[in-house]
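Have a look at the structure below before the remarks.
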Amino acid sequence: MSTDFQPKSDFLAVLKERGYIHQCSDFAGVDDKAKSGDLIAYIGFDATASSLHIGSLLQIMMLRWLQKTGGKPIPLMGGGTTQVGDPSGRDESRKLLTLDQIDANKNGIRQVFTKFLTFGDGKTDAVMTDNAEWLTALNYIHFLRDVGRHFSVNRMLSMDSVKMRLDREQELSFIEFNYMCLQSYDFVELNKRYGITLQMGGSDQWGNIVMGIDLGRRMGTGQLYGLTSPLLTTASGAKMGKTASGAVWLNPDMLPVYDYWQYWRNTEDADVGRFLRLFTELPMDEIRRLENLGGAEINEAKKILANEATAMLHGRASADEAAETARKTFEEGVLSTALPTIEVTRSEFDAGIGVLTAFVKAGLVASTGEARRQIKGGGLRMNDAAVSDERATLSAADLTGEGVVKLSMGKKKHVLLKPV
């Protein structure tokens, strides 16, 4: 983003200071709209899974800051666009989901927004929308005539989401090619229904957002704007929200609260300040103090990051419980039953679960092959004792007094296996 622009609105001032902005179609236009108190903005979320993951958290925080600074946030469920599949940033087509799967996913995703936004009928209250309301009712011929005529195929072919597939000679289906038309139409329809003038999203959505602005101009809306956030990677270059065991989900039924807390606690030293800015609401003076801590003291900043990020999503009590579980586990060596727990049937356990299978079930390794490699490197432990025999099986003798087996990978990842 331009470092020369000095926002007058609280909204853009916060976003600029904390590092949320990558591109904006018109800084002055968005700033004036925000300063007037009339800024209504949306971000779309396709229902491709039953939970969003940390990769979507940056956009959710942008909606939260919009509301906190006097604007109106509109999260948009992609009940219609999910049926098509967004090709942005993908090397291959998304698997098409059934309508029942999409509905189930939407129900799971909606839970997250109530933690970050206030919904209601007030001027700044959030409204949850779903583009299935208008996209599934479209008449194809009418859409082609009234909307499709405004799109240039030449320009569509130049968009990164399309160009990447074509340059790599990978198939791009006709249904995916239509995605940017539908997303652009969403912007026009939302402007008509709610007075939305700003679409926000990740940097990979810039082309689609610009197409929506252009479609609005051609179809007679007022001035529309676009604003994107940067693509987040860790200091080591890893994609934000991805771990060896999978995505960092936001719903507790997809990822235990303790694991969520641990994800933030394990932040690389170089990322602490940036993540405190983006994923907490701590004052900037406090963030600057924390990111300047050196040596072992940086671990205290990581704990604060973990506590604040977890409290925002799961509540303060759950964050405190996760922090206490970590303290007991790492500082006192105490077995805490608040650690993530995986249940297996008593009959399966009594039949003898192989140690390799147990670690796969616990989600600590992705495969038995990886478990073997970890054992050879001394990386796996059972009840705090190193696992040395890859052919070993679990038995009743391995159960602790709490009726569980503690499985660990490295020093920071622990799961309890519990026969029920």
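With sequence neighbours excluded, no residue forms a salt bridge (charged side-chain N to carboxylate O under 4.0 Å, His left out) with Asp125. For Glu343, the salt bridge (charged side-chain N to carboxylate O under 4.0 Å, His left out) criterion is met by no residue, not counting sequence neighbours. In this structure Asp103 satisfies the side-chain hydrogen bond (donor to acceptor under 3.5 Å, both in side chains) test together with Lys106, sequence neighbours excluded. Partners of Tyr42 under the ring pair (Phe, Tyr, Trp, His ring centres under 6.0 Å) rule, at least two apart in sequence or in another chain, are Phe187. By the ring pair (Phe, Tyr, Trp, His ring centres under 6.0 Å) test, Phe11 pairs with no residue at all, sequence neighbours left out. Residues meeting the salt bridge (charged side-chain N to carboxylate O under 4.0 Å, His left out) test with Lys302, sequence neighbours left out: Asp269. Residues satisfying the side-chain contact (heavy atoms from CB on, under 4.5 Å) test with His150, not counting sequence neighbours, are Leu215, Arg218, Met219. The ring pair (Phe, Tyr, Trp, His ring centres under 6.0 Å) search around Trp206 returns none, not counting sequence neighbours. Residues passing the salt bridge (charged side-chain N to carboxylate O under 4.0 Å, His left out) test with Arg277, sequence neighbours excluded: Glu291.
Smallest separation of non-hydrogen atoms from His22 and Ser203: CD2-CB, 3.6 Å.
Sequence neighbours left out, the pairs with a member in residues 58-68 that pass side chain to side chain donor-acceptor pair (under 3.5 Å) are Tyr20-Trp65, Gln59-Ser229, Arg64-Glu281. Identified under the side chain to side chain donor-acceptor pair (under 3.5 Å) test for residues 135-147, with sequence neighbours left out: none. Screening residues 95-123 for ring pair (Phe, Tyr, Trp, His ring centres under 6.0 Å) gives Phe45-Phe113 as the qualifying pairs, with residues at least two apart or on separate chains.
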TODO: Decide yes or no on salt bridge (charged side-chain N to carboxylate O under 4.0 Å, His left out) for Lys303 and Glu308, but give the supporting numbers first.
DONE: CA-CA 9 Å; Lys303 291 176 184 177; Glu308 295 302 312; over 6 Å; no
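Here the side chains of Met382 and Leu394 are in contact, with some heavy-atom distance below 4.5 Å.
Counting only N and O atoms by type, the side chains of Asp271 and Thr234 include no donor and acceptor under 3.5 Å apart.
Around the NZ atom of Lys376, the shell of radius 6.0 Å holds no more than 12 heavy atoms that belong to other residues, nucleotides or ligands.
Salt bridge Arg373/Glu370: absent, no basic N to carboxylate O contact under 4.0 Å.
A side chain to side chain donor-acceptor pair (under 3.5 Å) with Trp261 is found for one member of Asn307, Asn266, Thr310 and no other, namely Asn307.
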